[in-house]
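Below: the structure, in structure tokens.
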2 protein chains.
Amino acid sequence: MTVEVGLRERKKAATRAALSAAANRLAVELGVEHVTVEAIAAAADVSPRTFHNYFSSREEAIVASIVDWADRLTDELEKRPADEPMWDSLQRVFLDSVDESPDGHARLIRQLEMIKANPAVIASQLSALETMRRRFAETIAARTGTDASIDLYPHLIAGAAGHAVKTAMDLWALGQHDRPLRDLIAEAFTLVRAGLPQPDPSRS
Amino acid sequence: MTVEVGLRERKKAATRAALSAAANRLAVELGVEHVTVEAIAAAADVSPRTFHNYFSSREEAIVASIVDWADRLTDELEKRPADEPMWDSLQRVFLDSVDESPDGHARLIRQLEMIKANPAVIASQLSALETMRRRFAETIAARTGTDASIDLYPHLIAGAAGHAVKTAMDLWALGQHDRPLRDLIAEAFTLVRAGLPQPDPSRS
DNA sequence: CGAAAAGTTGCAGAGTCCGCAAAACTGCTG
DNA sequence: CAGCAGTTTTGCGGACTCTGCAACTTTTCG
């Protein structure tokens, strides 16, 4: 699958990418409320009607990059050695996906801020993350010999890992920290893997 | 707060409740796609324009009962003894909130099915749960001496607990189990509290 | 009672989203 | 390479969502 490279499929993928890129860029630049489907379609050189053949809502197009990211992550996860402990695989895959360049950081922060500013986009983001979570659960189930339609484990660990990363990013984007994002993510993983023991009140 | 009981506040609360109840009922009965704002407003005896004074979207009204549930849970959580371990408090509050009557079960299943059937409602549900998560994190931070704008802990445990319950419910609603919902929730909590250790491949 | 404050309603307007059918395009096959 | 079958794009029409605004009604309180 995903190996058909006819002109047709390539064009479709290109159109989809152009639409989501345009949607995302315009949302960051102008603010979500000031972006219309018409403007997105124009920026991607297709008709407004075509936009709706690819995305069922403006918000979906804006957060489509999350879905792409999730697809890449799922692939990476599947490539990890089968005997690696699940938590190690998850941590590795997420940590490796973080772009640590200053430019990447700036972009990520602008993204998170744009998303946070609009409830409808937040909702779409959560949907995208939920989709990722489900895909992860399937992969994890296959690897751990569990069944995603019966066992809690694959869903719980996929959710815990995803939520750890999201929490670390959200907190990091608040800018109250000077710690690198990687450190925060690693700490979040450590806490969750330890079962989130009650923090020591004497600390700090 | 929440102690003003003037006629005005009571009427507002009643209108809001009537709208969300009507929205929810119609969505379950007819399916989300066949419910219009006009119909919801008519069922609650107000104008369509008034509907939008209370809810910013149809989906928000449909899942408003989740927000109410979250409010009650937050209150319950705040009432738990301050020296009870956090995990115990969370588990207690969630388990106590589950209506175990056959009628309650049937309603819950219909709810979950209605939500699952429509992407826009799923997104709204996730938003509502995210709001609950944030409120929980604040309460937990206050109790554990952590800071919700800096520390990972309160967000992680609130998310882990909420996700454990959601996962248990979703899996339970699939109907592959004959185990009671309470058991599933309790097991989910146990797994998460133990840090989600790799399951034993030799089991079953 | 009588004003101030708050809530409700209708209307107009911008915009979303979808179904449908015609037109344009791609990939084959003869 | 002509032509056909399958796919995608597009315009149009229509139903519906959502918001600002201004008038109107109701509640509150001095």
Side-chain angles (χ1 to χ4, degrees), chain A residues 1-24 26-27 30-64 117-124 127, chain B residues 1-24 26-27 30-64 117-124 127:
Chain A
M1 55 197 71
T2 324
V3 281
E4 319 192 4
V5 283
L7 174 57
R8 197 164 252 162
E9 350 289 323
R10 262 181 294 134
K11 262 195 160 177
K12 260 189 92 166
T15 301
R16 190 192 158 84
L19 281 169
S20 92
N24 201 288
L26 290 172
L30 309 176
V32 179
E33 354 268 359
H34 300 115
V35 181
T36 62
V37 167
E38 196 179 344
I40 298 171
D45 252 309
V46 294
S47 73
R49 185 62 186 83
T50 297
F51 174 90
H52 285 292
N53 289 341
Y54 283 88
F55 299 103
S56 66
S57 76
R58 198 177 39 137
E59 288 74 27
E60 192 180 320
I62 292 175
V63 302
N118 186 291
V121 179
I122 294 178
S124 279
S127 282
Chain B
M1 53 197 71
T2 323
V3 281
E4 319 194 3
V5 282
L7 173 57
R8 196 165 255 164
E9 348 289 323
R10 263 182 292 135
K11 264 195 161 175
K12 262 189 92 168
T15 301
R16 189 193 158 83
L19 280 169
S20 94
N24 201 290
L26 290 171
L30 309 176
V32 178
E33 354 269 358
H34 301 115
V35 181
T36 62
V37 167
E38 195 179 343
I40 298 169
D45 252 310
V46 294
S47 72
R49 184 63 186 83
T50 296
F51 173 90
H52 285 291
N53 289 339
Y54 284 88
F55 300 102
S56 65
S57 76
R58 197 178 40 138
E59 287 76 25
E60 192 180 319
I62 293 175
V63 302
N118 186 290
V121 180
I122 294 178
S124 279
S127 281

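The sequence lines fix the lettering, A, B, ..., with proteins before strands; numbering per chain opens at 1.
- With no hydrogens or angles considered, a side-chain donor-acceptor pair links A:Thr50 and A:Ser47 at under 3.5 Å.
- Counting heavy atoms from C-beta outward, B:Phe51 and B:Glu38 have side chains that stay 4.5 Å or more apart.
- B:Phe51 places its CZ atom 7 Å from the P atom of D:dC18, with the value rounded to the nearest Å.
- No N or O donor and acceptor, one from the side chain of A:Arg58 and one from the base of C:dG15, sit under 3.5 Å apart.
- For the contact set between residues 36-48 of chain A and DNA chain D, defined by any heavy atom under 4.0 Å, the members are A:Val46, A:Ser47.
- Between the NZ atom of B:Lys11 and the P atom of C:dA5 there is a distance of 20 Å, given to the nearest Å.
- The distance between atom CG of B:Leu19 and atom P of C:dG7, rounded to the nearest whole Å, is 14 Å.
- Atom NE2 in B:His52 sits about 14 Å away from atom C1' in C:dA14, given to the nearest Å.
- Taking only distance into account, the side chain of B:Arg49 meets the base of D:dG20 through a donor-acceptor pair shorter than 3.5 Å.
- Using a 4.0 Å heavy-atom distance criterion, B:Tyr54 is classed as a sugar-phosphate-only contact.
- Between the P atom of C:dT8 and the CZ atom of B:Phe55 lies a distance of 12 Å, rounded to the nearest Å.
- When the C1' atom of D:dA22 is taken as reference, atom CG of B:Asn53 falls 14 Å away, rounded to whole Å.
- No side-chain heavy atom of A:Ser20 sits under 4.5 Å from any side-chain heavy atom of A:Tyr54.
- Panel note: side chain A:Asn24, backbone A:Ile62; a donor-acceptor pair is recorded below 3.5 Å.
- Side-chain contact between B:Thr36 and B:Ile40 is absent, with no heavy-atom pair separated by less than 4.5 Å.
- The shortest side-chain heavy-atom distance between A:Ile122 and A:Asn118 does not fall under the 4.5 Å cut-off.
- Here the side chain of A:Arg58 pairs a donor or acceptor atom with the backbone of A:Val32 at under 3.5 angstrom.
- Distance CZ (B:Arg10) to P (D:dT28): 8 Å, rounded to an integer number of Å.
- In terms of phosphate contacts, A:Lys12 brings a side-chain nitrogen or oxygen within less than 4.0 Å of OP1 or OP2 of D:dT8.
- Here the C1' atom of nucleotide C:dG19 and the CD atom of B:Glu33 are 15 Å apart, to the nearest Å.
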